[in-house]
Amino acid sequence: MKWVSVNKKLPEQYSKVLCLYPNGKMDVQLYLGRDSFRHELYGACIFWSEIPPRPKEFYNRRR
């Protein structure tokens, strides 16, 4: 997983990303704009990473 600084690059709009906050907490966010990287409890997101797609085996197995 590659972490990207919010100051260097922002993700594409409407993509799901994993955010890392200054206190070490992580949360999945739907990126709608710079304001969506703000969490009520954790503060502003400082690094983000793309969430990898699920493997095909996940969809093929029966439950």
Side-chain angles (χ1 to χ4, degrees):
M1 192 177 295
K2 181 180 176 185
W3 291 101
V4 181
S5 174
V6 173
N7 295 330
K8 294 188 179 197
K9 182 181 173 187
L10 292 173
E12 293 182 25
Q13 196 168 14
Y14 303 114
S15 60
K16 287 184 180 179
V17 294
L18 181 64
C19 282
L20 178 66
Y21 297 96
N23 60 356
K25 302 287 186 179
M26 288 189 240
D27 192 25
V28 175
Q29 295 281 340
L30 178 64
Y31 182 74
L32 301 173
R34 197 175 262 286
D35 293 336
S36 67
F37 268 1
R38 189 129 190 92
H39 193 277
E40 293 176 4
L41 299 175
Y42 308 143
C45 180
I46 54 174
F47 290 98
W48 63 272
S49 180
E50 292 182 3
I51 298 176
R54 290 182 176 167
K56 291 181 182 178
E57 294 81 26
F58 178 83
Y59 298 106
N60 293 335
R61 66 178 184 196
R62 293 184 180 203
R63 295 179 187 190

*Distance in Å, L30 CG paired with S15 OG, rounded so as to fall on 0.5 Å steps*: 7.5 Å
*Are I51 and F47 co-members of a hydrophobic cluster defined by side-chain heavy atoms under 4.5 Å apart?*
yes
_To the nearest 0.5 Å, what is the distance between CZ on R34 and SG on C45?_
10.0 Å
*Locate the shortest heavy-atom distance separating L32 from Q13; write the atom from each residue and the value.*
O-NE2, 2.8 Å
*Nearest-0.5 Å distance that lies between atom CH2 in W3 and atom CH2 in W48*: 10.5 Å
*Mind listing the closest non-hydrogen atom pair of F37 and Y21 along with its distance?*
O-CE2, 4.1 Å
*Nearest heavy-atom neighbours spanning E12 and Y31*: O-CD2, 3.6 Å
*Identify the heavy atoms of M26 and L18 that sit nearest to each other, and give their distance.*
SD-CD2, 3.9 Å
*Write down the atom of S49, the atom of K2, and the distance for their closest heavy-atom approach.*
OG-O, 3.0 Å
*Should we count CG of N23 as having more than 12 external heavy atoms under 6.0 Å?*
yes
